[in-house]
Number of protein chains: 4
Amino acid sequence: MTANRKSPSRKKTPVKSAAPRRPGKVRRDPERLTAAILDAAMAEFSEHGFAGARVDRISKGAGTVDRMLYYYFGNKERLYQAVLEEAYRRLVDAQRHFVPPEDPVRGMEALITQLWEYYRDHPEFVRLVMSENLLKGRYIQQSETIRQVSLPLIHSVEAVLDSGRRKGLFRADADARFVLMTIMSMGFFQVSNQYTYGFWLADTATPPVRGDDWLAHMQAVVLDHLRR
Amino acid sequence: MTANRKSPSRKKTPVKSAAPRRPGKVRRDPERLTAAILDAAMAEFSEHGFAGARVDRISKGAGTVDRMLYYYFGNKERLYQAVLEEAYRRLVDAQRHFVPPEDPVRGMEALITQLWEYYRDHPEFVRLVMSENLLKGRYIQQSETIRQVSLPLIHSVEAVLDSGRRKGLFRADADARFVLMTIMSMGFFQVSNQYTYGFWLADTATPPVRGDDWLAHMQAVVLDHLRR
Amino acid sequence: MTANRKSPSRKKTPVKSAAPRRPGKVRRDPERLTAAILDAAMAEFSEHGFAGARVDRISKGAGTVDRMLYYYFGNKERLYQAVLEEAYRRLVDAQRHFVPPEDPVRGMEALITQLWEYYRDHPEFVRLVMSENLLKGRYIQQSETIRQVSLPLIHSVEAVLDSGRRKGLFRADADARFVLMTIMSMGFFQVSNQYTYGFWLADTATPPVRGDDWLAHMQAVVLDHLRR
Amino acid sequence: MTANRKSPSRKKTPVKSAAPRRPGKVRRDPERLTAAILDAAMAEFSEHGFAGARVDRISKGAGTVDRMLYYYFGNKERLYQAVLEEAYRRLVDAQRHFVPPEDPVRGMEALITQLWEYYRDHPEFVRLVMSENLLKGRYIQQSETIRQVSLPLIHSVEAVLDSGRRKGLFRADADARFVLMTIMSMGFFQVSNQYTYGFWLADTATPPVRGDDWLAHMQAVVLDHLRR
DNA sequence: CATGAATGAGAATTCATTCAT
DNA sequence: AATGAATGAATTCTCATTCAT
């Protein structure tokens, strides 16, 4: 049955390699390839969570092959952790450059706006954090990088609260942790739970809560609480 | 891995044997078996999310074999959806029996307590909702059951707000949707993000926020906002 | 976790039973149910072959449940065999009522037409025979029913040939077996191989062979061969 | 069943052992392994049809494991299609090297012999084509490879017919398509339906048609038709 | 006579990862 | 410093069939 088979055309093309190699693009540029993998991995992990993420989709997204992920990152878990660290790094970077206005009320409003906009504009970060919580923080706890830094924002909050307290505008017992957590809760939830919260007002005639309205509401709630 | 494939040792022990047929097994009791599967599935899906859940762990948890999941639920997706519906059914049931006190302030506090305790005591619900949001609400949208009912709590909130407004205690422009969402955000987040929020106060000397304190804070925040 | 689950609505509906029962239709009418199963099975086996046929599709097609196939036919193999027998029974019935015209040439033409039309109008028979040949005649050989009867047509062919020979119209050495086989080959192939024979004249400008033309061609070929 | 799942005994025998790594196995020879899989698959698909074919029998036949079929061919369907293409490639190759004799009558006889012998000697091809027709040509239609080439034989037939016509030996209206189809019908059927055609002359005393006699008959029939 | 409940054994395919150069 | 080849171990799901009343 092996007789006269003459197929010089049929290459040993394993089914996977459908992507054109793009010579000279990412090859021989470790920095760039690493970054490409990290980006693709962030997209994939944030889209599907850790368990749902697929190594081959990541490599395809990065324009390379599976093997390279292992070469540069070791395995799926370590890649996930690298993604998580990168996501937090970006968050911290964004907050580091932020300086709230002098005026306490303005300052608090700006803080809330800043956090809200970050969540709104970085759903991949939100989803990654959800994923990680679903994993009970397994990887964030293993990350020295993440555990060593703290959110710059907590200090901004403290500064604003201090200023407000000193000026007699804010209540004396305001606790930065509670205030920040309140802001984070409200901002995060709006993005993280957008696909399910619609259902409970299904038969209510009211339209869904709009983002801008929600920001105003957050600011009102927090300031109503802080003001003495 | 299929449970029955796992044990090559357990040969086809002829059922005709005089033995009393494994007493305590859930044989010939569809209701019970279905419920057992659903419970096991809820545990598994809430623990690992949809992608991370394993069919064989569910069947093992339910004391049956994989095959039965397919017999009763068709496939993993439909089982997941059944779990989701069951989770919402339980939430709605819990809220249906709740009647807030007459006094508006007491009423609002009770509402907040009720929701907070539900989240705190049903982390599996919280995790399931997170999962579903990670899936962008794919299954909740397919569920007629869920989409048809609305949360009883929204009506309780409206009632309490009305009462408070009539008595001149609450601000006139209070919107039930915003109020409920505020409560849900804060309650949900505390449970859902418990594994990651610790890190940002890492170098702060302050201890983590305690549950009771958080409840009191939620009540204060909401009432500070509502009170005129 | 088993707490307050109150779903009296969720029935033990195994996923399979989606079909409405249609009370009083096929129930309690063994004759009719058996026939319905046989018809559905013929459709299924001829469509998908033995291995590709699905028991549940057959039962659904017959408006009953899997269990009934086993009740009436024992198993898939026996059902297949019953279908095969039924198919041959119908072929034989069709041929039994056929009487070729007196005139040898007319007779032969009529014979060819009859066989051709049977194939053309009963592709399910053709497909069943293909299936059976793919199975190397496993079931036809087990069937006493089929093996006992012979095709009525062979006798018609013999009669027509005899008549033609006696009248000096047909060659003396004409063999009924070869003649019948020639007709069957050409008729069967046209139906059985309709999905693949198109390809080899792909680049030929000629259109596909039409059924009527093929019948005329068959008659010409056979008679050219028989005429002396 | 996956071959490697079958043997719980064969534990992960460390590959690092000093043993010479199973000599004779097809390791690190993609060409050869691909070919082995294709051959085994052709045997399996032609023996059992698409639905009846078993992936694990193929891998076993190729001396490898299931996984490799997926590595090289993606899935069962694509493997089947590759087999189909290979089968046609071989047929076309066989015909390409065939040049009929000058003399029209000899040429036609040779053509018939060539086709007849191919069918007779390649029942796996015949069975594959039957399978594909049972599938209504689903895969052949998807195959660019097959659809692009046409049978070399059709040109040989045209050439012979032309020659015969020019010499006044063959009828003027002879159509290559009809002639080729006639030959194919008769040759194919004899092989494809060998397991069922026996039955209809069951009670006839005549012996089954022998291959050689059938070839002679085919030649006679075709030439009787062509000769003017 | 009929049927709802249950199921063992397989079947295709996926997934992350390592081997070997 | 890369990368093509290979693969073990699951994983979901299907299929015909039997149990039990």
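Sequence lines set the chain letters: A, B, ... in the order given, protein chains first and strands last, and positions in each chain run from 1.
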J.: 5'-most contact on DNA chain E: D:E77 or C:Y71, nearest heavy atom basis?
T.: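 That would be C:Y71.
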J.: Is a donor-acceptor contact shorter than 3.5 angstrom present between the side chain of D:R67 and the base of F:dG8?
T.: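 Answer yes: a donor N or O sits under 3.5 Å from an acceptor.
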J.: Which nucleotide, F:dA1, E:dT17, F:dT12, lies nearest any side-chain atom of B:D66?
T.: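 That would be F:dT12.
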J.: So, OP1 or OP2 of E:dA2: does either fall under 4.0 Å of a side-chain N or O from C:Y72?
T.: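 Answer is yes, contact under 4.0 Å.
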J.: Give a yes or no on whether a salt bridge exists between D:E47 and C:K136, defined as a side-chain N under 4.0 angstrom from a carboxylate O.
T.: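 Here D:E47 pairs with C:K136 in a salt bridge, since their nearest N and O are under 4.0 Å apart.
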J.: Hey, does A:E132 have a side-chain heavy atom less than 4.5 Å from the side chain of A:F50?
T.: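 Answer no - side chains too far apart.
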J.: Does E:dT14 pair with anything, Watson-Crick or G-U wobble, both distances under 3.5 Å, and if so, with which nucleotide?
T.: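 Paired with E:dT14, as far as the under-3.5 Å criterion goes, is F:dA9.
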J.: Phosphate oxygens OP1/OP2 of F:dT17: is one of them under 4.0 Å from a side-chain N or O of C:Y70?
T.: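 Yes, because at least one side-chain N or O of C:Y70 sits under 4.0 Å from OP1 or OP2 of F:dT17.
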J.: Which one, F:dT12, E:dA2, E:dT7, comes nearest to the side chain of B:M68?
T.: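 Selected nucleotide (nearest to the side chain): E:dT7.
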J.: Please confirm whether the shortest side-chain N or O distance from A:R54 to OP1 or OP2 of E:dT14 is below 4.0 Å.
T.: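 A:R54 to E:dT14 OP1/OP2: no side-chain N or O under 4.0 Å.
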J.: Under 3.5 Å, side chain of D:E44 to main-chain N/O of D:R57, donor-acceptor pair present?
T.: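 Checked: no pair found.
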J.: For the side chain of C:K76, starting at C-beta, report the closest nucleotide among F:dT17, F:dT7, E:dT7.
T.: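 Nucleotide nearest to C:K76's side chain: F:dT17.
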